[in-house]
Amino acid sequence: MLPSASELVQKQRKLSRRVVVEDDLPAAIRTVAGVDAAFPEGGGLTRAAAVLMSYPGLETLDQAVAEQPTRLPYIPGLLSFRELPAVLAALERLSSEPDLVLCDGQGIAHPRRFGVACHLGVETGLCTIGVGKSRLCGQAEEPDRQRGAESLLRDGEEVIGSVLRTRTAVRPVFVSSGHRVSLQTATRLVLECTPRFRLPEPIRAADRLAGTRD
DNA sequence: GCGACAG
DNA sequence: ATCTTGTCGC
């Protein structure tokens, strides 16, 4: 029996009270992990990957994969319940705990301010940042054309994230606090983890590792 | 009722 | 996310 959507929404409302959006990171960040999930077998299997890299050098230190039967369908706003179990399993298989985790998806830039990055952070206590390839909610302003340009993502008067151009003339990404990282710090760290492509290196590596081509 | 809708 | 071939461009 699957949990109902309203039931999961209530869990989000409860867990969201534990999210910390102020900076509370290690004195020195030495490692950053990227996590992502893929759904092979026509969606029947969830395969999560976690890649640990040095920071700021971004050299790969370790990587892990975890597979589980898929339990829930994708429902906008409830993504974390579908992906988190496998992501947690992959993270636990890393040789060491990362100082920071970059997630594929939103942090507080979510209808109930509880995207996958927040959920992962609250469950593990780790510092997390949400990096979405597209917008879930809020009004986005177009940042300037060059790499490093950013604008704010707002929901009414509330600032919920930043729209960051990680590569000149390329579609921007949506950055938001996950847990224990402020928006300002998150935006800076994401740019520093994105020296070459549109997405941060740790997330790209996790993407490839989880990829549906075995 | 209508439009929007991470991965 | 996944289903899918070739093609344009650096």
Side-chain angles (χ1 to χ4, degrees), chain A residues 2 5-6 8-9 11-12 15-16 19 34-51 65-91 101-123 128-140 147 152-156 158 160-164 166-179 183 186-187 190 195-200 202-214:
Chain A
L2 300 177
S6 58
L8 296 177
V9 165
K11 283 190 180 181
Q12 291 185 320
L15 290 171
S16 67
V19 173
V35 296
D36 189 30
F39 301 85
E41 308 288 288
L45 193 63
T46 299
R47 178 190 299 140
V51 176
V65 172
E67 296 183 338
Q68 305 181 351
T70 301
R71 300 186 182 190
L72 301 171
Y74 166 69
I75 301 172
L78 299 176
L79 172 71
S80 66
F81 293 99
R82 172 174 162 90
E83 299 192 343
L84 214 52
V87 168
L88 288 172
L91 273 175
V101 182
L102 266 34
C103 305
D104 194 78
Q106 316 298 329
I108 65 169
H110 176 282
R112 290 167 292 284
R113 308 294 178 262
F114 200 66
V116 61
C118 299
H119 200 156
L120 175 61
V122 166
E123 288 290 329
T128 65
I129 295 172
V131 183
K133 295 186 292 298
S134 62
R135 180 188 63 82
L136 207 208
C137 68
Q139 309 88 217
R147 164 181 156 81
L152 298 179
L153 178 62
R154 295 195 180 77
D155 192 347
E158 187 176 5
I160 59 177
S162 66
V163 186
L164 178 66
T166 53
R167 285 198 72 186
T168 298
V170 169
R171 186 156 53 105
V173 296
F174 298 78
V175 179
S176 56
S177 297
H179 189 52
L183 176 61
T187 303
V190 166
R196 184 166 182 193
F197 301 104
R198 180 188 179 222
L199 297 176
I203 290 182
R204 290 188 73 241
D207 250 302
R208 284 184 29 205
L209 190 55
T212 297
R213 53 190 178 292
D214 306 310

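Residue numbers begin at 1 in each chain, while the letters A, B, ... track the order of the sequences.
Between Asp207(A) and Lys133(A), no side-chain nitrogen of the basic residue sits less than 4.0 Å from a carboxylate oxygen of the acidic one, so the salt-bridge criterion is not met.
Note on Lys133(A): every side-chain N or O is 4.0 Å or more away from OP1 and OP2 of dA6(B). Look at Ser134(A) and you won't find any side-chain N or O under 4.0 angstrom from OP1 or OP2 of dC5(B). Not one side-chain nitrogen or oxygen of Arg135(A) sits closer than 4.0 Å to the OP1 or OP2 atom of dA6(B).
In plain terms, the two heavy atoms of Phe114(A) and Ser16(A) that are nearest each other are CD1-CA, 3.6 Å. Between Leu209(A) and Arg47(A), the shortest heavy-atom distance links the atoms O-CD, 4.3 Å.
Residue contacts for Tyr74(A): at a heavy-atom cut-off of 4.0 Å it reaches a base atom on one of the strands shown. Across all strands, Gly42(A) comes closer than 4.0 Å to no nucleic acid atom at all (heavy-atom distances). Using a 4.0 Å heavy-atom distance criterion, Leu78(A) is classed as a base contact. Across all strands shown, Gly115(A) has heavy atoms under 4.0 Å from base atoms, whether or not it also approaches the sugar-phosphate.
The aromatic rings of His119(A) and Phe81(A) stand perpendicular to each other, their planes meeting at an angle above 60°, with 30° marking the opposite boundary.
Straight-line distance from the CZ atom of Arg113(A) to the P atom of dA6(B): 15 Å, rounded to whole Å. In this structure, Arg112(A) atom CZ and dA6(B) atom C1' are separated by 12 Å, rounded to whole Å. Rounding to whole angstrom units, CD1 of residue Ile160(A) and P of dA6(B) are separated by 13 Å. As rounded to whole Å, 18 Å separates atom P of dG7(B) from atom CG of Leu72(A). dT2(C) atom P lies 8 Å from atom CZ of Phe39(A), rounded to whole Å. Phe114(A) has its CZ atom 18 Å from the P atom of dA6(B), to the nearest Å. Atom CG of Leu153(A) is separated from atom P of dC5(B) by 12 Å (rounded to the nearest Å). Atom CD in Gln106(A) sits roughly 11 Å away from atom C1' in dC5(B) (whole-Å rounding).
In terms of modelled atom types and a separation under 3.5 Å, the side chain of Arg167(A) and the main chain of Arg198(A) share no donor-acceptor contact.
Residue Pro76(A) places its side chain closer to dC5(B) than to any other of dT2(C), dG7(B), dC5(B).
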